[in-house]
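The structure displayed is predicted, hence computed values, not measured ones. In what follows, residues are counted from 1 in the order of the sequence shown.
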Amino acid sequence: QVQLVESGGGSVQAGGSLRLSCAASGYRNSINYMGWFRQAPGKEREGVAAIYTDDGSTYYADSVKGRFTISQDNAKNTLYLQMNNLKPEDTAMYYCAADGRWRSRGNYGGTWYMTDEYKYWGQGAQVTVSS
């Protein structure tokens, strides 16, 4: 069983930055890919960014490309999401997700944003961006 714990959320003005962290414990070596999702009130959960842990390939939603960066520190079993130039529309609860099922990098590139791809989820971290 894998446990995921997010931290680093908070409130910031538009144009500011935040960095989210996701600490993974349990059978960390069984994780093949990890992602960040977000959910705003009244909206569906959407994929923000993801990483194929084997080779570090990264994937981003169009809405965050150039502003957000996903990275991993394998020594610390931690996933990060650096968020720069934040906008009010980035306000949401952010969730870390992970899974250990085998996916080729090619296949994962087409499905990384789907919530069904991930078995393990964190409890969420609130990000609020004011204008």
Side-chain angles (χ1 to χ4, degrees):
Q1 189 74 7
V2 173
Q3 294 83 40
L4 303 173
V5 179
E6 301 98 335
S7 60
S11 297
V12 66
Q13 289 191 330
S17 298
L18 284 173
R19 188 177 79 159
L20 299 178
S21 300
C22 173
S25 60
Y27 293 95
R28 174 63 180 86
N29 289 337
S30 66
I31 293 176
N32 287 330
Y33 44 90
M34 300 184 75
W36 287 100
F37 286 73
R38 66 186 181 187
Q39 187 167 20
K43 294 187 177 181
E44 292 188 355
R45 192 168 296 189
E46 63 174 357
V48 175
I51 190 165
Y52 193 73
T53 57
D54 187 35
D55 64 5
S57 295
T58 57
Y59 309 88
Y60 295 94
D62 288 343
S63 60
V64 306
K65 279 181 181 177
R67 300 188 298 122
F68 291 12
T69 302
I70 189 172
S71 61
Q72 59 181 350
D73 185 332
N74 290 331
K76 296 181 179 179
N77 290 334
T78 301
L79 181 74
Y80 301 100
L81 185 68
Q82 177 66 44
M83 304 182 292
N84 297 329
N85 190 21
L86 282 160
K87 304 176 180 181
E89 52 263 42
D90 295 318
T91 296
M93 185 72 78
Y94 282 71
Y95 297 90
C96 174
D99 201 285
R101 290 171 288 183
W102 186 86
R103 294 282 188 273
S104 70
R105 186 181 62 183
N107 287 341
Y108 182 61
T111 61
W112 68 268
Y113 55 92
M114 298 179 179
T115 56
D116 288 348
E117 283 289 342
Y118 303 86
K119 178 178 180 180
Y120 306 107
W121 291 83
Q123 82 288 352
Q126 179 66 41
V127 171
T128 302
V129 185
S130 58
S131 57

Worksheet entry | Side-chain donor/acceptor of Ser104 to backbone N/O of Asn107, under 3.5 Å | yes
Spell out, as yes or no, whether a donor-acceptor pair under 3.5 Å connects the side chain of Thr53 to the backbone of Asn32.
yes
Output for pair (Phe68 CZ, Leu20 CG), nearest 0.5 Å, gives 8.5 Å
When rounded to the nearest 0.5 Å, the distance separating CD of Gln1 from OG of Ser25 is 10.0 Å
message: If we ignore hydrogens and angles and just use 3.5 Å, is the side chain of Glu46 paired with the main-chain N or O of Arg38 as donor and acceptor?
response: no
For Ser17 and Asn84, the nearest pair of non-hydrogen atoms, with its separation, is OG-OD1, 2.9 Å
Output for pair (Gln82 CD, Ile70 CD1), nearest 0.5 Å, gives 12.5 Å
Scanning both residues in full, the closest heavy-atom pair of Leu18 with Gly10 reads CD1-O, 3.9 Å
Check: Should Leu81 and Met93 be regarded as members of a common hydrophobic cluster, given that ILVMFWY residues are connected when their side-chain heavy atoms come within less than 4.5 Å of each other, either directly or indirectly?
Finding: no
Next on the checklist: Taking the six-membered ring of Tyr33 as reference, does the cationic atom of Arg103 (NZ for Lys, CZ for Arg) lie under 6.0 Å from its centre and within 45° of its axis?
Outcome noted: no
Checklist line | Same cluster (ILVMFWY, side-chain, under 4.5 Å), Met34 and Phe37 | finding: no
Closest non-hydrogen contact found for Glu6 with Gly124 is OE1-N, 2.9 Å
Closest non-hydrogen atoms of Tyr118 and Arg101, given as atom of the first, atom of the second and distance, are N-NH2, 3.7 Å
dist Gln72:CD -> Ile31:CD1 (nearest 0.5 Å) comes out at 10.0 Å
For Tyr95 and Gly122, the nearest pair of non-hydrogen atoms, with its separation, is CD2-O, 3.6 Å
inquiry  = Keeping Thr91 on the side-chain end and Val129 on the backbone end, is there a donor-acceptor pair under 3.5 Å?
reply    = yes
Using a strict 4.0 Å threshold on nitrogen-to-oxygen distance, state whether Asp90 and Lys87 make a salt bridge.
no
Self-check item: Short side-chain to backbone donor-acceptor contact, Gln39 and Ala92, under 3.5 Å
Solution: no
Residues Ala14 and Ser131: closest non-hydrogen pair is CB-CA, 4.3 Å
Rounding to 0.5 Å, atoms OG1 (Thr69) and CZ (Arg67) come to a distance of 11.0 Å
**OP:** Give a yes or no on whether Trp121 and Val127 share a hydrophobic cluster (residues Ile, Leu, Val, Met, Phe, Trp, Tyr; joining criterion: side-chain heavy atoms under 4.5 Å apart).
**Re:** no
Quick check: does any side chain N or O of Asp99 sit under 3.5 Å from a backbone N or O of Lys119, one acting as donor and the other as acceptor? yes
Report task. Examine Val5 and Tyr120 and state if one hydrophobic cluster contains both, with Ile, Leu, Val, Met, Phe, Trp and Tyr joined whenever side-chain heavy atoms are less than 4.5 Å apart. Result -> no
Shared ILVMFWY cluster between Tyr80 and Trp36, side chains joined below 4.5 angstrom?
no
For this session: Specify whether Tyr52 and Tyr108 have parallel, tilted or perpendicular ring planes, treating 30° as the upper limit for parallel and 60° as the lower limit for perpendicular.
Result: tilted
